[in-house]
Amino acid sequence: AQSVTQPDIHITVSEGASLELRCNYSYGATPYLFWYVQSPGQGLQLLLKYFSGDTLVQGIKGFEAEFKRSQSSFNLRKPSVHWSDAAEYFCAVGAGSFQKLVFGTGTRLLVSP
Amino acid sequence: KAGVTQTPRYLIKTRGQQVTLSCSPISGHRSVSWYQQTPGQGLQFLFEYFSETQRNKGNFPGRFSGRQFSNSRSEMNVSTLELGDSALYLCASSLVGGGTLSTEAFFGQGTRLTVV
């Protein structure tokens, strides 16, 4: 069965510092991989997605992620965090199709001044 | 272009009652998926509809059901509500069959259901 692991429940980063959120997936075939962000009381917004091709994908708001098949990882990065990036981040894998997503448990990002 | 619209935004129901939630997808999107989000279980897939047919179903009891209309709008229904059904219910729509842009799920803001 497909699964996604986000090992960090909370991460605190100073404003202006770099960020890396970890994501490991388990899926037998070539995965569809996604990163979503959720602000309190809101829905999910897609940051970026990977299907095939270049393993480094660029997303919105200055985020990028790198797909590493050998490590079954899809870590999210941002070179300089802004206070408005404070939110919860979810990694997801398309379980056979992208309409059925399996999500990780999320990582809550706190940004300190 | 309007996004995914879910109504109502908030609901309070009593145990044993039933509830219907509505989702209007982005214009032209034919796939609608539903997810339940709780602090304990996280985001879990409920079901997906495409062209009025349920194509995928998650591991939820039969009290959870849904349907999709010819205009792609979808409803989900929960009967005999339990306290544990309190959650944020999220709807997502996808284009499907439209090239790479079809491979993205757009989420609504959700319906917050509280069962008392």
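Each chain gets a letter, A, B and so on, in the order the sequences are listed, and its residues count up from 1.
How far NZ of A:Lys100 is from NZ of B:Lys57: 10.5 Å, rounded to the nearest 0.5 Å. Note: B:Phe107 CZ to A:Tyr36 OH = 5.0 Å, rounded to the nearest 0.5 Å. Going from atom CG of B:Leu88 over to atom CD of A:Gln38 covers 6.5 Å, rounded to the nearest 0.5 Å. Residue B:Glu104 holds its CD atom at 14.0 Å from OH of A:Tyr32, rounded to the nearest 0.5 Å.
Residue with the most contacts toward chain B among A:Gly43, A:Ala92, A:Gly104, A:Gly106: A:Gly43 (heavy-atom pairs, distance under 4.5 Å). Chain A forms the most heavy-atom pairs under 4.5 Å with one residue out of B:Gln37, B:Arg112, B:Gln44, B:Gln6, and that residue is B:Gln37.
Heavy atoms of other residues, nucleotides or ligands lying less than 6.0 angstrom from CD1 of A:Ile9 number 12 at most. Open room surrounds CD1 on B:Ile12; 12 or fewer heavy atoms of other groups in view lie less than 6.0 Å from it. Taking a 6.0 Å sphere around CG of B:Asn71, one finds it holds more than 12 heavy atoms contributed by other residues, nucleotides or ligands.
If you chain together hydrophobic residues whose side chains sit under 4.5 Å apart, A:Tyr89 and A:Val57 fall into the same group. Cluster membership for A:Leu33 and A:Leu19, using ILVMFWY side-chain heavy atoms within less than 4.5 angstrom, is shared. Linking Ile, Leu, Val, Met, Phe, Trp and Tyr residues whenever their side-chain heavy atoms come within less than 4.5 Å places A:Val37 and A:Trp35 in a single cluster. A single hydrophobic cluster is seen to contain both A:Phe63 and A:Val4, as judged by linkage of ILVMFWY side chains at heavy-atom distances under 4.5 Å, directly or through other members. Linking ILVMFWY residues whenever their side-chain heavy atoms come closer than 4.5 Å, directly or via other members, places B:Leu81 and B:Phe60 in the same cluster.
Contacts between A:Leu44 and chain B at a heavy-atom distance below 4.5 Å involve backbone atoms as well as side-chain atoms.
Taking all atoms of both residues into account, the shortest heavy-atom contact from A:Leu101 to B:Tyr35 is N-OH, 2.8 Å.
Annotation: residues 14-22 of chain B contacts chain A through no residue [non-hydrogen atoms, separation under 4.5 Å].
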